[in-house]
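Numbers restart at 1 for each chain; the letters A, B, ... are given by sequence-line order, proteins then strands.
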Protein chains: 2
Amino acid sequence: MKNDKVNRKIKYTKMVLKESFIRLLKSKDISRITITEICEEADINRATFYAHYKDQYDLLKQIEQELVDDINRYLANYSFHENGSESLQLMEQIFEYIKENSEVCSVLLSESGDKNFQREVLSIVQHQCITEWTRKNVNKDIAEYLYSYATNGSIGIIQRWLREGMDRSTMEMAELILKMTDQGLSAFV
Amino acid sequence: MKNDKVNRKIKYTKMVLKESFIRLLKSKDISRITITEICEEADINRATFYAHYKDQYDLLKQIEQELVDDINRYLANYSFHENGSESLQLMEQIFEYIKENSEVCSVLLSESGDKNFQREVLSIVQHQCITEWTRKNVNKDIAEYLYSYATNGSIGIIQRWLREGMDRSTMEMAELILKMTDQGLSAFV
DNA sequence: ATTATTTATGAACAAACTGTTGATTTTATA
DNA sequence: TATAAAATCAACAGTTTGTTCATAAATAAT
């Protein structure tokens, strides 16, 4: 086919641009990073950048989307045992994924990272939780608030874990998050 | 004294710059806001801006610091009854403050806002919690993680509350947060 | 009320980044 | 090898930045 081959060159260009960008993101905020800078670091012509991306923020968005897709593919490969601990297994797999891709994740999931993106990652798990919650008859009136609490809390834990150099096992972390969530929830059943 | 009077003009300059900046922050991300733009909106010479602030980020930092100071002053005026529900009262007062200053808070406490600043606001309360936690002999090993969870979760709830137009009473919100935190904690005592 | 001091203004500056264009060269594949 | 796609290069006007300095305005002190 045509497109597959055309993409070879494009793929290289996009790859080096992304790498250069992630490298820069480690040392400074996205707002301080110029397109000129990204291109110099990647040794790619600036006009070529504009052929693929609108600006830094567009580049970031594309990187994030690819990560979400990748996580979903990763989780799809994993078949869950139907023994009631699906949430735990799913959560552990997410921690596994983050660990395997800690370089990118440390940047994208950091505090300065895009919150909506982080929420999207977490929602992969929380979807599962929500159904469990409704099964448990959680007070629907405040369910939204509890959801905000749990999601943001979980992101906070992941961020700390990454900051601390992933000092605990993925299983330990998955258990920690689910324990907190379930317990906190139980006050409103 | 000298400085008190000199500040009259400076105070006005800083005030209009801040107002202009907050107004702009409502419609776009800080990274898209130019100093030129802030000055035009405030009708202040650009050279004057540089006399007071390094850039937009410096301006934001100063606004945040003033808010933290203001919250602390606000809380200092409030004398707490020593009946064991200090945390609840303190938390409610914070919600009260946010409500009274919802215009600025909606911007500064939003998702796009500075996370370190938000943590600082919350830490005013959490300090109190921490002492209660250690009294309860929470597993110190994971206390840090629980703290991350609780703080980020609480911020998430506040953000949702502001987004929803402060649809619930401050007391209700304070109770919600403390209930979640205490309950989640109880799994690790 | 007048003088002295502080602060704000306006204009000008080089430097950097932006976003776009069109002509040209490189690269991949058919 | 021919052809189509992609990357490069140079040039462009337009904007923002950060700084400087002379001048004007506002404020404080005498």
Checklist line | Value in whole Å for how far the P atom of dT27(C) lies from CD1 of I44(A) | finding: 12 Å
Checklist line | Side-chain N or O of H52(B) closer than 4.0 Å to phosphate OP1/OP2 of dT7(C) | finding: no
Please tabulate, one pair per line, all N/O donor-acceptor pairs under 3.5 Å involving side-chain atoms of residues 15-23 of chain A, not counting sequence neighbours.
unit_1: K18(A); atom_1: NZ; unit_2: E66(A); atom_2: OE1; d: 2.9
unit_1: K18(A); atom_1: NZ; unit_2: E66(A); atom_2: OE2; d: 3.1
unit_1: S20(A); atom_1: OG; unit_2: I38(A); atom_2: O; d: 2.9
unit_1: R23(A); atom_1: NH1; unit_2: E41(A); atom_2: OE2; d: 2.7

Item checked: Distance, rounded to the nearest Å, where Y53(A) contributes OH and dT18(C) contributes C1' -> 19 Å
Item checked: Nucleotide-resolved protein contact map, nucleotides 11-23 of chain D, B/S/- at heavy-atom distance under 4.0 Å -> -----SBBBB---
Checklist line | Side-chain N or O of R8(A) closer than 4.0 Å to phosphate OP1/OP2 of dT29(C) | finding: yes
Next item on the list: For F49(B) and dT7(C), give me the distance from atom CZ to atom C1', rounded to whole Å.
Entry: 17 Å
Checklist line | Partner set under ring-ring contact (aromatic ring centres under 6.0 Å, His included) for F117(A), not counting sequence neighbours | finding: none
Notebook entry, point to check: Got a sec, which pairs hit salt bridge (Lys or Arg N to Asp or Glu O under 4.0 Å) with one end in residues 50-62 of chain A, sequence neighbours left out?
Noted result: D55(A)-R32(B)
Check: Taking CG from D43(B) and P from dG10(C), how many angstroms apart are they, rounded to a whole number?
Finding: 8 Å
Checklist line | Value in whole Å for how far the P atom of dA8(C) lies from CG of N45(B) | finding: 10 Å
Note to self: Do N116(A) and E120(A) pair up side chain to side chain, a donor and an acceptor below 3.5 Å, judged on atom types alone?
What the structure shows: no
Notebook entry, point to check: What residues, two or more places apart in sequence or in another chain, satisfy salt bridge (Lys or Arg N to Asp or Glu O under 4.0 Å) together with E100(A)?
Noted result: none
Item checked: Distance in angstrom units between K9(B) NZ and dT27(D) P, rounded -> 6 Å
Next item on the list: Find the distance I10(B):CD1 to dT27(D):C1' and express it as a whole number of Å.
Entry: 11 Å
Next item on the list: Scan residues 88-98 of chain B for pairs that pass salt bridge (Lys or Arg N to Asp or Glu O under 4.0 Å), counting only residues two or more places apart or in two chains.
Entry: none
Check: Separation of K11(A) atom NZ from dT29(C) atom P, in whole Å?
Finding: 11 Å
